[in-house]
Amino acid sequence: MQIASWNVNSLNARLEHLRAWLGSRRPELVALQETKLEDHRFPDAEIAALGYRSLFAGQKTYNGVALLARTDAVPGFADVQVGIPGFEDGQKRVLAASVGELRIVNLYVVNGQAVGSDKYDYKLRFLDALHDWLAEEIRRYPRLVVLGDFNIAPDDRDVHDPVAWNETSILTSTAERAALRRLFELGLADSYRLRHDHGGAFSWWDYRAAGFRRDLGLRIDLVLLSGALAARCSGAAIDREPRGWERPSDHAPVLATLD
DNA sequence: ATGGTAGTCTAACTA
């Protein structure tokens, strides 16, 4: 089965792209970030017409996460969790559910704006609370998938210019990478790195300065797998194609294949 | 070279 993550940067603006992409790829599970839609505006009927169930937690203008499950392939959602338990947060960034044998945690991690800013502090507190919660989740659900827009590039292979994107830059700073490493140390493996060693494989390119055309990207969208699932991971990919379409999201979809 | 673009919603924010 294929499990995908895609930051769509507004589902309203990207519904036709999602429709085209789901129609051709047909992944069994999809996590979306930055839907930017209140729940009463979520296009669940349109997505049902594509053969997917929807689960969503959104807000106006910013953030918003959703899970899609292919109706003919996987059962419905169970044991739904919105947000990190015990972490007060008005921003809709976390949506977890059980789907058959799998536990899925969909994340839109805080961007953090700039190292040392208030938003950076919020990012580190978010990651700290996430760590403690995921330590419990992986005990409770050994077949755990944690995926989404992590807004952290794990190492220098994941950055087009490691000199510019250094230990003091947002998305690559020392504290952010340390927080991500602590998630890996819970027993969550970066599925892309289970299958590929090379650098230069990116999932996000800035809209500005022709970032995609010049391939000035970062790999910040990840699919993490617990040990039981990592052993069954037969593929990992980044689908750059939709990033080249007209009026694209600034992120490409990323995928992991489980046997 | 310290900008640039895109989305939301039409001012200014977030990324």
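Letters go in sequence order (proteins before strands), and every chain restarts at 1.
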Legend entry - Any A:Asp39 side-chain heavy atom under 4.5 Å of A:Leu37 side chain: no
Legend entry - For A:Arg232, salt bridge (Lys or Arg N to Asp or Glu O under 4.0 Å) partners two or more places apart: A:Glu101
Inset, instruction - Take the protein atom CG of A:Leu216 and the nucleotide atom P of B:dA1, then report the distance between them rounded to whole Å. - result: 18 Å
Inset, instruction - Give A:Arg213 one of three labels, base, sugar-phosphate or nothing, depending on what nucleic acid heavy atoms sit under 4.0 Å from its own. - result: nothing
Legend entry - Toward the 5' end of DNA chain B, by each residue's nearest nucleotide, A:Gln113 or A:Asn9: A:Asn9
Legend entry - Inter-nucleotide P distance (B:dG4, B:dT10), Å rounded: 24 Å
Legend entry - OP1 or OP2 of B:dT14 under 4.0 Å from side-chain N/O of A:Thr61: no
Legend entry - Phosphate OP1/OP2 of B:dA6: any A:Arg14 side-chain N/O under 4.0 Å: no
Legend entry - Residue A:Glu34, side-chain atoms from C-beta onward, closest of B:dG7, B:dA1, B:dA15: B:dA15
Inset, instruction - For B:dC9 and B:dT14, measure between their P atoms and round to the nearest Å. - result: 14 Å
Legend entry - OP1 or OP2 of B:dT8 under 4.0 Å from side-chain N/O of A:Lys60: no
Inset, instruction - Tell me whether the OP1 or OP2 atom of B:dC9 has a side-chain N or O from A:Lys36 closer than 4.0 Å. - result: no
Legend entry - Whole-Å C1' distance, B:dA15 and B:dG3: 16 Å
Legend entry - Salt-bridge present (A:Asp156, A:Arg177; N to O < 4.0 Å): yes
Inset, instruction - May I ask you to say what A:Phe212 touches in the nucleic acid, namely base, sugar-phosphate or nothing, with a heavy-atom cut-off under 4.0 Å? - result: nothing
Inset, instruction - Report the distance from atom CG of A:Leu144 to atom CG of A:Leu225, rounding to the nearest 0.5 Å. - result: 9.0 Å
Legend entry - Rounded C1' spacing from B:dA12 to B:dA1 in Å: 25 Å
Legend entry - C1' atoms of B:dA11 and B:dA6, separation to the nearest Å: 16 Å
Inset, instruction - Could you state the atom-to-atom distance from CG of A:Leu37 to P of B:dT8 in whole Å? - result: 8 Å
Legend entry - Given DNA chain B, 5'-ward residue of the pair A:Asn151 and A:Ser10, judged by closest heavy atom: A:Ser10
Legend entry - Protein-nucleotide distance (A:Arg214, atom CZ; B:dT5, atom P), rounded to Å: 12 Å
Legend entry - Gap between atoms CZ and C1', on A:Arg208 and B:dT14 respectively (whole Å): 10 Å
Inset, instruction - Check for a donor-acceptor pair, side chain of A:Asn7 on one end and backbone N or O of A:Asp221 on the other, with a separation under 3.5 Å. - result: no
Inset, instruction - May I ask you to check whether A:Trp6 and A:His251 place their ring centres under 6.0 Å from each other? - result: no
Inset, instruction - Write down the distance between OH (A:Tyr120) and C1' (B:dA15), rounded to a whole number of angstrom. - result: 17 Å
Legend entry - A:Asp206 CG - B:dG7 C1' separation (whole Å): 14 Å
Inset, instruction - Quickly work out the A:Asn63 CG to B:dT14 P distance and round it to whole Å. - result: 10 Å
Legend entry - Atom pair distance, as rounded to whole Å: NE2 in A:His251 and P in B:dA6: 15 Å
